[in-house]
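Notes for the one structure printed next.
When a residue number appears, it is its place in the shown sequence, counting from 1.
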Amino acid sequence: MAAQGHRRGLDAQGYIEREGSSARVPCAFRPVVAAARDRFLHLFGARLNGAYLYGSIPRGTARAGRSDLDLLLCLRDEPTEADHADARALEAALDKEFAEIDGVGTLLFSRTRLLSDLETYDLGWFVACLCTPLLGEDLAEHLPRYRPDTLLARETNGDLALMLPRWRERIAAAADTDGARRPLVRSMSRHLVRTGFTLVMPRWNGWTSDLGEMAEAFGAYYPERSADMRNAAVRGYETTGEPAVLRSYVEDLGPWLAGEYARVHGIKEPRP
């Protein structure tokens, strides 16, 4: 059993520390980060309230040619379908131009939503603890401090049961090729590992974004499922497109994890 006093990722008062910083961005990724910052600012202009990096690049653990560029953009108003389409086009252009990255993912939200009461322990926590400011206002100044407790666990990942039907639809719609399935395996593997970790996070009493450490923390409390979670952590980095993996996620590990999560932490507050 993991030690109850584990404080990795927490400050002296037991709050989750903000991970990542602009100083940790590896040299190889600085040109693409600068290009993304400038191009998104040009695209949205005065509507862009702020932009953030998240993921392995601001944590300093990104691998050239293997890691993706993850961004969150905060707009002054609600993003439209055209905004999302424009962002996808810019993502594709950056991915094509810079060999250092393997894909670009951009989240778009309004300032109002990110600071709403409903999102305080989900998107608000994500911005305050997992996002590194790139330009504009830092919304962390308007958000509370966060502890690794059951409220945070419920509101961050307490909706896996709702996601599983959509996962099944995506799997069914994907082309029957390794290349088409690989992004699904990667994203679903990572989501399951993170959900498994936040299931045990209050007992582990700490924070990490490393998939391997997440899987190990989970396995200390659920040894009967530890191999499944360790394998998912490996696939989150070294992705394959095996159809059997996706079936196991939506038929076995995913439903079990969703049920256990609801039992331990409850169901996430419904969103509109």
Quiz item: Counting N and O atoms only, with roles assigned by atom type, does the side chain of Asp68 sit under 3.5 Å from a partner on the main chain of Val104, one being a donor and the other an acceptor?
Solution: no
Quiz item: Under the 3.5 angstrom rule, does the side chain of His142 hit a backbone N or O of Leu115 as a donor-acceptor pair?
Solution: no
Quiz item: Taking all non-hydrogen atoms of both residues, which atom of Ile57 and which atom of Phe29 are closest, and how far apart?
Solution: CD1-CD2, 3.6 Å
Quiz item: Checking Arg24 side chain against Gly60 main chain: does a donor-acceptor pair fall under 3.5 Å?
Solution: no
Quiz item: Roughly how far, to the nearest 0.5 Å, is the CD1 atom of Ile16 from the CG atom of Leu152?
Solution: 5.0 Å
Quiz item: Within the distance-only criterion (no hydrogens, no angle test), does the side chain of Glu155 pair as donor or acceptor with the backbone N or O of Glu269 below 3.5 angstrom?
Solution: yes
Quiz item: So do Tyr146 and Tyr15 actually touch side chain to side chain, heavy atoms under 4.5 Å?
Solution: no
Quiz item: What pair of heavy atoms forms the shortest contact from Arg113 to Leu123, and how long is it?
Solution: NE-CD1, 3.7 Å
Self-check item: Exercise: do Tyr261 and Thr198 side chains pair donor with acceptor under 3.5 Å
Solution: yes
Practice problem: Please check if the side chain of Glu91 supplies one atom and the backbone of Thr106 the other of a donor-acceptor pair under 3.5 Å. | Solution: yes
Practice problem: For Glu224, look at atom CD and say whether over 12 heavy atoms of other residues, nucleotides or ligands are found less than 6.0 Å away. | Solution: yes
Quiz prompt | salt bridge (Lys or Arg N to Asp or Glu O under 4.0 Å) between Arg271 and Asp122, worked out | solution = CA-CA 11 Å; Arg271 267 55 174 170; Asp122 188 8; 3.7 Å; yes
Exercise. Grab the two heavy atoms, one from Cys74 and one from Leu139, that are nearest each other, plus how far apart they are.
Key: SG-CD1, 3.9 Å
Quiz prompt | Residue of the set Arg154, Arg166, Lys268 for which salt bridge (Lys or Arg N to Asp or Glu O under 4.0 Å) holds with Asp159 | solution = Lys268
Quiz item: Which heavy-atom pair separates Arg76 from Asn49 by the least distance, and what is that distance?
Solution: NH1-OD1, 2.9 Å
Quiz prompt | 4.5 Å side-chain heavy-atom contact, Val33 and Leu69 | solution = yes
Practice problem: Might you point out which heavy atoms bring Gly219 and Ser226 nearest each other, and give the distance in Å? | Solution: CA-CB, 3.6 Å
Quiz item: Considering only heavy atoms from C-beta outward, does the side chain of Pro148 approach that of Leu10 to under 4.5 Å?
Solution: yes
Quiz item: Any idea which heavy atoms bring Arg47 and Asp77 closest together, and the distance?
Solution: NH2-OD1, 3.0 Å
Quiz prompt | Distance-only side-chain donor-acceptor flag, Tyr222 / Glu260, under 3.5 Å | solution = yes
Quiz item: Do the side chain of Arg181 and the main chain of Ala174 share a donor and acceptor less than 3.5 angstrom apart?
Solution: no
Quiz item: Is it the case that one hydrophobic cluster holds both Leu75 and Tyr52, taking links as side-chain heavy atoms less than 4.5 Å apart, direct or via other members?
Solution: no
Exercise. Measure the shortest side-chain to side-chain distance between Ser209 and Glu19 over non-hydrogen atoms and say whether it is less than 4.5 angstrom.
Key: yes
Quiz item: Looking at side-chain heavy atoms only, is the closest gap between Arg235 and Arg190 below 4.5 Å?
Solution: no
Quiz item: Do Phe40 and Phe109 sit in the same hydrophobic cluster, where Ile, Leu, Val, Met, Phe, Trp and Tyr count as joined when their side-chain heavy atoms come under 4.5 Å apart?
Solution: no
Exercise. Say whether, by atom type as modelled, one donor and one acceptor occur between the side chain of Asn231 and the main chain of Ala227 under 3.5 angstrom.
Key: yes
Exercise. Say whether Phe44 and Leu72 are linked into one hydrophobic cluster, either directly or through other cluster members, by side-chain heavy-atom distances under 4.5 angstrom.
Key: no
Practice problem: Any chance you could measure Trp204, atom CH2, to Met214, atom CE, to the nearest 0.5 Å? | Solution: 8.5 Å
Quiz item: With no hydrogens and no angle check, is any side-chain donor or acceptor of Asp95 less than 3.5 Å from a backbone partner on Ala92?
Solution: no
Practice problem: Run the ring-centre check on Tyr54 versus Phe126 and record whether the distance is less than 6.0 Å. | Solution: yes
Quiz item: Is Arg225 positioned over the aromatic face of Trp256, cation under 6.0 angstrom from the ring centre and no more than 45 degrees off axis?
Solution: yes
Quiz item: Between CE of Met201 and OG1 of Thr156, what distance do you get to the nearest 0.5 Å?
Solution: 5.5 Å
Self-check item: Check against salt bridge (Lys or Arg N to Asp or Glu O under 4.0 Å), Arg59 and Asp210
Solution: CA-CA 10 Å; Arg59 291 199 302 268; Asp210 182 273; over 6 Å; no
Exercise. Kindly say whether Gln13 contributes a backbone atom to a donor-acceptor pair with the side chain of Arg147 at under 3.5 angstrom?
Key: yes
Self-check item: Geometric cation-pi criterion, Arg66 with Tyr237: 6.0 Å, 45°
Solution: no
Quiz item: Between the main-chain N or O of Cys131 and the side-chain N or O of Arg18, is there a donor-acceptor pair closer than 3.5 Å?
Solution: yes
Quiz item: Are the side chains of Arg194 and Leu211 in touch, meaning some heavy atoms are under 4.5 Å apart?
Solution: yes
